[in-house]
Amino acid sequence: MIFKKSLKRISLFLGFLIVASSGVNALEVKILKTSSGISFWYSKDESVEIISLAFALKTSGEAYMDGSLPGLMGTYCDMLLEGTEQDSAESFRTKLSQNAIGIGFGSSLTTFSGHLATSRKTQALAQTLFKEALYQATFHQDRLSLYKNQVLAGLENAQKTPGYLLGRFVDTSLFGEQPYGQVHHLTPESASKITPKTLKDLRSRLYNRNSLFIAVCGNLSEDEATDLVENLFAQMPNGEARPLLAEVSMNLNQQENVKPSPYPQSLVRFFAPGIEPSNPDYLKLQLAVDIFGGGLNSRIGEVVREQAGLVYSIGTHLSFLDKVAFLQGNFGSTDENVNEAITLVKQEFQKFVQQGVTAKELEETKTAQIGQFLLSLSSTGVIASRLLAFQLYGFSPDYVQQRTELIQSVTLDELNQFLKAHFGHQELTFFVLGNPVQKQEKN
Amino acid sequence: MTVKRMLSSLCVLSILCLTACKESQEPHQESDGKQAPPLQGASLQDMSAKLSKDEASFKLPQSVLDQKPIYNIQHFTLENGLQVYLIENHKIPVVSHTIVYKVGSVDDPLGKSGLAHFVEHMMFKGPKDSPPTEIWSFTCNVGGEINAATSYNWTYYYEIVPKKDILKIMQLEADRLQKLDIVPEQVISERKVIVEERFMRFENNPVGLFFESVMAAFYAHHPYRITTIGWLSEMKNLDGEDVRKFHQNWYAPNNAFVILSGDLTLAQAKELTQSTYGKLKAKPIPPRNYVQEPPRRIHQQVTMYSKEIASPYVFYLFAAPNYQKEAPRTAYALSLGVFGLTNAATGILYKRLVEDLKVAASFSMQYDMSQLDRGQVQIFAQAVPGISEEQLREVIERELKSFLAKGFTQEQLQIFKTQRVAGLDFIKDSLQAGAGDIIGPLISGMPLDELEHWTYLIEDVTLEEVQKGLEQVFNTRNYLVARLLPEEKEVALSQEQLVQPNNSNPVPDLKETH
């Protein structure tokens, strides 16, 4: 870690020159602060003419909204691009398109977020349009009606897809009546209640500097970056950050939960307890899960796809929401094969927890994860979104370097002990959308 | 925003191929000094593979060629015929490597549908630690990215790795090009995998089944009628010998090209390719299965019913000229015209149907200018609740006719052009942007000069050319309209499929409107 002090600007806190041991990438990250006190992460990239910015407001996603208006956040995000006080929707989109300016907003269960991507030469217009959308969208009744009709029409068919059916089965089974178990898209009922005023009221209470996280990457100086952030976010109000959700419980019943389906291929998702990124053991679990299910050369990839041919794709990853973290896996397998696939995954999981991983597996995964992360930092947009995610996870700017060192330092014994302690005799919880054929039913 | 997106309808990457068709790049010899007859009024039924004079004399002016190239592609050919394209990008020490084989599902032998795709899967199989299996584990273990894809006309494999590992990747790739060991047990397990893939993409997805069924109805003769993944009954019978023969026939350095993008110099690229692929020998390649699709002489209306659909979809297919064999210049005009009709920011028909008349919840139009044989303009739409598919079709056809009667204005065309050529600065922001952009055009046989200055070809399109291109496609009654309807709307044969005495829904004749 190389500590740098800026001679230019007293608002500079820290600077980290992040150089991977493999020499693949160097990424210098600084924390800057604007004149009105907004701090953000910044990384310079002079190899391109592009400027990318990503921001998010914590505790501002759909799960934090009024449960009686499902789809409110999604509607809000999309309607930000449907016309402003200065530009009609058509005029706004034409300006974006003609100047190749990327502006978009989105919401997850827990955050409201947005991004800006522009060439240096169009940055003034890009800033103007970004502010128009964020603060001066008109939510015109006609555009809102049009939007609702489009979304509801799309949902008519989407709600019959196996992916949607399984998703609802999983969410309601795992989280019941809690916010994460609710419907999070527009419904005819919520659509009838969401008016332009609903959206304007939401805007007046959604924005809050104390929930705000920003990352900037691209061809701009520290001064330019600070001016950019100040210009875009200075009018965001101060105020109390929305508190985190109350405790969340997740119903992992360690069984196979089956819901019949009209489709011939069963879809499966499976779960086990996880941990949040801020937990010191997170990287250990990430390494282990990668060995277990991170792709076709993982254990279940090898056994279930490569050897048995029971699935086309299979994989696991770690997920987390506010107050809950879990390991999640998925695959699809025809009704005739799905029980065999589930049995193999169960067997592999028990072997994985009880016998642990091998030294060779651990070393290969360490190299892969270090390389994967560094190779991914190839565009300003990706770097900005990664730097934003690190802030949301509560990491410090030197995380990239720390991550490499932390991964290197994990020993085989530590990892295998951790696996046993973390999972104990826990079984996986499966959700199957399909009509699994029992072996005795064959022929 | 990437240039790839902007090029997407210019050169849709999913169904392209490169075959020798040099006449399309040379001035036509039959010059009598007169203007070639306009294409207006000519339908595709009249088109042959022979280029019109306008198309054949299409050439970039020297003043354009003198301008700075968009991608700065460097090109060389190994002695064995392997073409190599390099886009230098020294942003980070990473290299993206892609090898494209000029073979795809059109080359599947009759009764062996899905074979090209199955071979692509088998290119990752083999005895333990053999090159096909090692290339996957090696790439993953250095944190790289690896995958492959098969389409009608081509098959490609790509890896993104740290620069220090690129030699090893190219060695492994060259090894599996040369030799593929077939392990019988793996043939059985991988055949089950592709069946599972088919179930995921088609049997579990009524829209997927609908598209493959409609394509089968639209093409009378050409292998584009056969789905790339294969028909289930034939997939289940593919065997190791099929794989071996297909690989032996088509996988050769003289039937492939390599794209390198990233932290390499030309000298390094030459050394790397020479020391790996350069050791392979060229071999005779069989002729490809490009039978000519006969003229369309029928209007088709086809319907699929599904219990898994709640709201109907409408899908139109109009025959359209392809870039390489039929209309290298018209293809640009047509692609710009289709963009102008349907892009979500300024598209004329999109705005009319979705925003003004509010009959369509979604409306898109796509033109793949680079299919090697008869291409299509596709229209895909979904009605808003309360509008029937009959009403939606009626409005689409009426509005399309109405548009053709007046066309675009100069001002509109200029806006579309500006939209299409914006964003070139983003090319250098990622390794994949440049490499991804050029695969499709290279497969379609686009000359490098043209690829490096494609924005000029967009800027140069005239209003008249756009109008002619659109009329050429839409001025016919011999199109196909397909409906995907909810099962409950299925009616008894006696009610719908018998000829009605008073035809209340005649085939619209777009040609007779002006």
Side-chain angles (χ1 to χ4, degrees), chain A residues 22-25 47-50 90 93-94 96-102 117 119-121 146 149-150 152-154 156-157 159-162 262-265 267 295-297 305-313 332-334 337 364 367-375 377-381, chain B residues 1 6 90-94 125 136-137 140-145 160-162 164 188-197 199-200 203-205 207 307-311 313 343-346 351 354-355 358 361-362 382-385 415 418-419 422-426 428-433:
Chain A
S22 65
V24 165
N25 201 9
S47 68
V48 290
E49 289 297 304
I50 305 301
E90 184 180 350
R93 289 180 181 175
T94 304
L96 291 184
S97 178
Q98 286 196 300
N99 295 283
I101 294 168
S119 168
R120 273 189 68 84
K121 60 179 179 257
L146 187 67
N149 276 341
Q150 285 184 284
L152 292 177
E156 280 195 353
N157 285 334
Q159 286 175 313
K160 300 198 94 174
T161 60
Y263 296 99
Q265 186 186 54
L267 286 195
L296 299 187
N297 61 338
R305 172 172 156 151
E306 297 301 300
Q307 291 172 16
L310 298 173
V311 298
Y312 168 62
S313 71
S333 188
T334 43
N337 290 334
E364 285 178 351
T367 318
Q369 287 214 3
I370 292 166
Q372 217 171 58
F373 179 76
L374 297 164
L375 254 68
L377 301 177
S378 62
S379 77
T380 57
Chain B
M1 186 173 307
M6 292 184 297
H90 302 287
K91 193 172 151 81
I92 54 174
V94 172
K125 310 292 282 188
W136 188 281
S137 56
C140 293
N141 290 342
V142 299
E145 189 177 323
I160 303 171
V161 292
K164 65 182 174 52
I188 294 166
S189 65
E190 201 61 22
R191 198 167 53 203
K192 290 167 76 178
V193 169
I194 57 169
V195 167
E196 291 290 349
E197 182 178 357
F199 269 75
M200 182 190 81
E203 269 69 13
N204 261 32
N205 175 10
V207 178
K307 287 177 183 164
E308 276 43 84
I309 287 292
S311 170
Y313 290 110
N343 79 84
T346 60
K351 187 170 186 307
V354 175
E355 303 193 348
K358 300 183 174 61
S362 64
Q382 187 189 7
V384 296
I415 289 172
T418 311
Q419 285 176 271
L424 297 180
D425 285 345
F426 282 86
K428 291 281 180 193
D429 197 27
S430 88
L431 285 181
Q432 295 90 327

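Throughout, protein chains are lettered first and strands after them, A, B, ... in sequence-line order, and every chain is numbered starting at 1.
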| field | Region of A/Glu156 in contact with chain B, defined by heavy-atom distances below 4.5 Å | value | both
| Which heavy atom of B/Gln419 sits nearest a heavy atom of A/Ser97, and at what distance? | NE2-OG, 2.7 Å
| task | For B/Val193 and A/Gly309, work out which heavy atoms get closest and say how close. | result | CG2-CA, 3.6 Å
| request: For each of A/Asn297, A/Val311, A/Thr367, A/Asn157, tally heavy-atom pairs with chain B at distances under 4.5 Å, and name the one with the top tally. | output: A/Asn157
| task | Heavy atoms only, distances under 4.5 angstrom: which of B/Ala345, B/Ala344, B/Ala383 has the most pairs with chain A? Name it, please. | result | B/Ala345
| Is the shortest heavy-atom distance from the side chain of B/Met200 to the side chain of A/Gln265 under 4.5 Å? | yes
| request: Would you mind reporting whether A/Leu375 and B/Glu145 have side-chain heavy atoms less than 4.5 Å apart? | output: no
| message | Within the 4.5 Å heavy-atom criterion, are A/Leu310 and B/Lys192 side-chain neighbours or not? | response | yes
| What distance do A/Leu152 atom CG and B/Ser311 atom OG have between them, rounded to the nearest 0.5 Å? | 11.0 Å
| Does any heavy atom of chain B fall under 4.5 Å from the side chain of A/Thr161, the backbone, both, or neither of them? | neither
| task | Measure B/Val207 against the heavy atoms of chain A and call it side chain, backbone, both or neither at under 4.5 Å. | result | neither
| task | Side chain from CB out, backbone as N, CA, C, O: work out which of these in A/Glu306 comes under 4.5 Å of a heavy atom of chain B, or both, or neither. | result | both
| field | Pair B/Ile415-A/Gln98, side chain to side chain contact (heavy atoms under 4.5 Å, CB included): steps then yes or no | value | CA-CA 7 Å; B/Ile415 289 172; A/Gln98 286 196 300; 3.6 Å; yes
| field | Closest-packed option against chain B by number of heavy-atom pairs under 4.5 Å, given A/Gly332, A/Ser313, A/Ala308, A/Pro264 | value | A/Pro264
| remark: Between A/Ser47 and B/Lys91 the two heavy atoms that sit nearest each other are OG-CG, 3.3 Å
| Ion pair present between B/Lys428 and A/Glu49, side-chain N to carboxylate O less than 4.0 angstrom? | no
| query | Any idea which heavy atoms bring B/Cys140 and A/Ala368 closest together, and the distance? | reply | O-CB, 3.0 Å
| message | For a quick check under 3.5 Å, do A/Thr380 and B/Asp429 share a side-chain donor-acceptor pair by atom type? | response | yes
| said: Checking A/Thr334 against B/Glu196: is there a side-chain donor and acceptor pair closer than 3.5 Å? | reply: yes
| query | What's the spacing between B/Asn141 CG and A/Gln372 CD if we round to 0.5 Å? | reply | 10.5 Å
| Least distance between heavy atoms, B/Pro385 atom then A/Asn149 atom | CD-O, 4.1 Å
| message | Among B/Ile188, B/Val142, B/Asn343, which residue has the highest count of heavy-atom pairs closer than 4.5 Å to chain A? | response | B/Val142
| field | Contacting moiety of B/Gln382, where chain A heavy atoms sit under 4.5 Å | value | side chain
| Choice from B/Val354, B/Ile194, B/Asn205 maximising heavy atom contacts with chain A below 4.5 Å | B/Val354
| Between A/Gly295, A/Gly154, A/Ser333, the one whose heavy-atom pairs under 4.5 Å with chain B are most numerous | A/Ser333
| From B/Glu355 atom CD to A/Leu146 atom CG, the distance as rounded to the nearest 0.5 Å | 5.5 Å
| note | Rounded to the nearest 0.5 Å, the CD atom of B/Glu308 sits from the CD atom of A/Gln159 at a distance of 14.0 Å
| field | Sub-4.5 Å side-chain heavy-atom contact between B/Ile309 and A/Lys160 | value | no
| request: Counting only heavy atoms closer than 4.5 Å, note whether B/Lys307 contacts chain A via side chain, backbone, both or neither. | output: backbone
| request: Give the minimum heavy-atom separation between B/Asp425 and A/Lys121, together with the two atoms involved. | output: OD2-NZ, 2.9 Å
| request: Can you tell which part of B/Glu190 gets under 4.5 Å to a heavy atom of chain A, answering side chain, backbone, both or neither? | output: side chain
